[in-house]
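Written below as structure tokens is the structure these notes are about.
This is a predicted model, so every value here is computed, not measured. Below, read A as the first sequence line, B as the second, and so on, with proteins coming before strands; counting in each chain starts at 1.
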There are 2 protein chains.
Amino acid sequence: MLNLKPVKLLPVREQAAASLREAIITQNIKQGETLTLESTAKALGISVTPVREAFQILARDGLIELAQNRGAVVLGMTPENIREHYQIRAALEAEACRLVCENGADLGEIERCVRHLVSSGSENYGELNQSFHYNIWLASGNSRLSRMLSELWNGLSMGLRTTRDEYAKKSQAEHEGILGMLRARDPEGASALMRKHILRSMEDMLTRYE
Amino acid sequence: MLNLKPVKLLPVREQAAASLREAIITQNIKQGETLTLESTAKALGISVTPVREAFQILARDGLIELAQNRGAVVLGMTPENIREHYQIRAALEAEACRLVCENGADLGEIERCVRHLVSSGSENYGELNQSFHYNIWLASGNSRLSRMLSELWNGLSMGLRTTRDEYAKKSQAEHEGILGMLRARDPEGASALMRKHILRSMEDMLTRYE
DNA sequence: ATAAGTGAAATTGTATCCATTATACCCCGC
DNA sequence: GCGGGGTATAATGGATACAATTTCACTTAT
């Protein structure tokens, strides 16, 4: 069967959410600002109903807070926020590693990401890094876990394209360590390493946003 | 300051979601059924706008699935569903235990739950059990983690009031074990026990829904 | 019998309208 | 001048109606 990109677009509420998400993460919309339904609807060129739904989505993602009868205030990257975010990610990604070890999933895609990252330097690190994590989520066999992690990623992690070389190198080494544990099918080891990996990048992030 | 219940009620969309949630969990609405906006709005005595949002909430909770242009189909308690749910809970609750140990939070409320559960037998087990877990989430100091676990609980765990004595006894013993580890401020021990506790109740659940 | 065409029913998005509520402003008394 | 209270304004939350799109089932034609 042909493998073509579907013509049908995502529902408008999703597109609206995506647009707002990008604007918030790139700080195009600044922290503390409050978004009104009507003005954002106008800015997006749509009506308010899907905007309302988009607000729900963003609130779930932790990017905005819906104040009673007062609209959506954009949440920033407070240290507290970052810490909470990464602690949750650490727990879930560690669990994903554990599950991968236990269900003996194929590691092909994951290995490809690591190799690719080695060969291509830290140039398009961001993309490959996400790919690495994403494929672990998939391999966990827990679709809901995978969904939750995607949402978390959208909520914050994606916002910070780390381009610093030193970081990329350190991270790459850790990826290789995790892959090794996954190959050895060692649940405890793999999850522990992943935990450490994520908590370390949390510390990295905290030094920049405090 | 006086501690009174706020007069203001929850938004209608939340009430609608709660009502539907209960109906689904008690199997008042059967698995596989599809809900239409208008009929559920009529049944709830509200208009379709909040129902639409309630559907989003329930979809996020994993109780229904929103098919493109085709409505909301009620998801059942498939073994796969249960497994995914409990694996995630295990990871997050274990993390909560770890955090409680690390931040040295006060264990007063948690201890009260355990003591209360001992004295009152397995009569109102369900409520006290939830209280025990809930207070651990709170003590973790991670508000977002707490919210996510509440949502998960609403999504499935709450549905199955375990009244079987043997289960309550086993569970109670495990609670005491976890509390012991929390008192000792042993992150690894506490999180490992909590993990086991939840995965065991998963097995328990699976024997009933397979 | 298979494939296309048709139509009913539902969601999705649009457009308003009303009620409730939160906030800011102003005025008044002290 | 300062604080408290009332009022005005603006935005949400929800209701209602409607257009557009999509899905699915049923029918029909080859």
Side-chain angles (χ1 to χ4, degrees), chain A residues 1-2 4-21 23-24 29-75, chain B residues 1-2 4-21 23-24 29-75 147 151:
Chain A
M1 171 182 157
L2 284 170
L4 298 175
K5 195 190 302 183
V7 171
K8 175 153 35 69
L9 302 185
L10 289 169
V12 173
R13 59 168 178 272
E14 306 275 1
Q15 297 183 55
S19 178
L20 286 169
R21 191 163 16 232
I24 291 173
I29 301 176
K30 268 164 277 173
Q31 150 178 16
E33 219 166 319
T34 86
L35 303 171
T36 74
L37 284 176
E38 222 163 337
S39 63
T40 54
K42 198 158 289 182
L44 291 167
I46 59 180
S47 78
V48 317
T49 310
V51 173
R52 206 182 285 190
E53 288 164 339
F55 278 8
Q56 306 275 338
I57 295 173
L58 294 175
R60 178 197 60 189
D61 285 354
L63 289 171
I64 65 178
E65 193 180 24
L66 263 47
Q68 183 83 301
N69 287 311
R70 291 206 306 108
V73 307
V74 176
L75 297 178
Chain B
M1 171 182 159
L2 284 170
L4 299 175
K5 195 191 299 183
V7 171
K8 178 162 25 78
L9 300 186
L10 289 169
V12 173
R13 60 167 177 275
E14 305 275 1
Q15 298 183 52
S19 178
L20 286 169
R21 190 162 17 231
I24 292 173
I29 301 175
K30 267 164 277 172
Q31 151 177 20
E33 218 167 318
T34 89
L35 302 171
T36 75
L37 285 177
E38 221 162 340
S39 63
T40 53
K42 198 159 288 181
L44 291 168
I46 58 180
S47 80
V48 314
T49 311
V51 172
R52 214 185 281 194
E53 287 162 338
F55 278 8
Q56 306 273 339
I57 295 174
L58 293 175
R60 176 197 63 188
D61 286 356
L63 288 170
I64 65 178
E65 193 179 25
L66 262 47
Q68 183 85 299
N69 287 309
R70 292 206 302 106
V73 305
V74 176
L75 298 178
R147 262 209 324 279
E151 281 168 10

Picking from dT11(C), dT16(D), dG13(C), which would you name as closest to the side chain of Val48(B)?
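Of all the options, the side chain of Val48(B) is nearest to dT16(D).
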
Looking only at side-chain atoms of Asn69(B), point me to the closest of dA22(C), dT12(C), dA15(D).
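Side chain of Asn69(B) sits closest to dT12(C).
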
Nearest whole Å is fine: how far is [N] [atom2] from [X] [atom1]?
X	N	atom1	atom2	result
Leu35(B)	dT12(C)	CG	C1'	17 Å
Glu38(A)	dT14(C)	CD	P	14 Å
Arg52(B)	dT12(C)	CZ	C1'	6 Å
Leu37(A)	dT16(C)	CG	P	16 Å
Gln68(A)	dT23(C)	CD	C1'	14 Å
Leu44(A)	dT12(C)	CG	P	19 Å
Glu53(A)	dT14(C)	CD	P	10 Å
Lys42(B)	dA9(C)	NZ	P	14 Å

Check whether any side-chain N or O of Arg13(B) sits under 4.0 Å from OP1 or OP2 of dG14(D), and answer yes or no.
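Yes, such a contact exists.
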
Under 4.0 Å between a side-chain N/O of Arg70(B) and OP1 or OP2 of dC24(D), yes or no?
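Answer is yes, contact under 4.0 Å.
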
Gly45(A) vs Phe55(B), nearer the 5' end of DNA chain C by closest nucleotide
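Checking each residue's closest nucleotide, the 5'-ward one belongs to Phe55(B).
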
Report yes if the side chains of Arg13(B) and Gln56(A) come closer than 4.5 Å at any heavy-atom pair, otherwise no.
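Yes, side chains in contact.
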
Distance-only, no hydrogens or angles: does the Gln15(A) side chain make a donor-acceptor pair with backbone N or O of Leu10(A) under 3.5 Å?
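Side chain of Gln15(A) to backbone of Leu10(A), a donor-acceptor pair under 3.5 Å: yes, one is there.
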
For Glu33(A) and Lys30(A), indicate whether the former's side chain and the latter's backbone hold a donor-acceptor pair under 3.5 Å.
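Yes: the side chain of Glu33(A) pairs with the backbone of Lys30(A).
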
Which is true for Thr49(A) with a 4.0 Å heavy-atom rule: it touches a base, it touches only sugar-phosphate, or it touches nothing?
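Base contact - Thr49(A) has a heavy atom under 4.0 Å of at least one base atom.
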
If you look at every strand shown and take non-hydrogen atoms under 4.0 Å, does Leu66(B) touch a base, only sugar-phosphate, or nothing?
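If one applies the 4.0 Å heavy-atom cut-off, Leu66(B) turns out to touch nothing in the nucleic acid.
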
Closest approach of Gly62(A) and Leu75(A), non-hydrogen atoms and distance?
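That would be O-CD1, 3.7 Å.
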
Scan the side chains in residues 38-51 of chain B for donor-acceptor partners under 3.5 Å anywhere in the protein, sequence neighbours excluded, and list what turns up.
residue  : atom : partner  : partner atom : Å
Ser39(B) : OG   : Thr36(B) : O            : 3.3
Ser39(B) : OG   : Thr36(B) : OG1          : 2.5
Thr40(B) : OG1  : Thr36(B) : O            : 2.8
Thr40(B) : OG1  : Leu37(B) : O            : 3.0

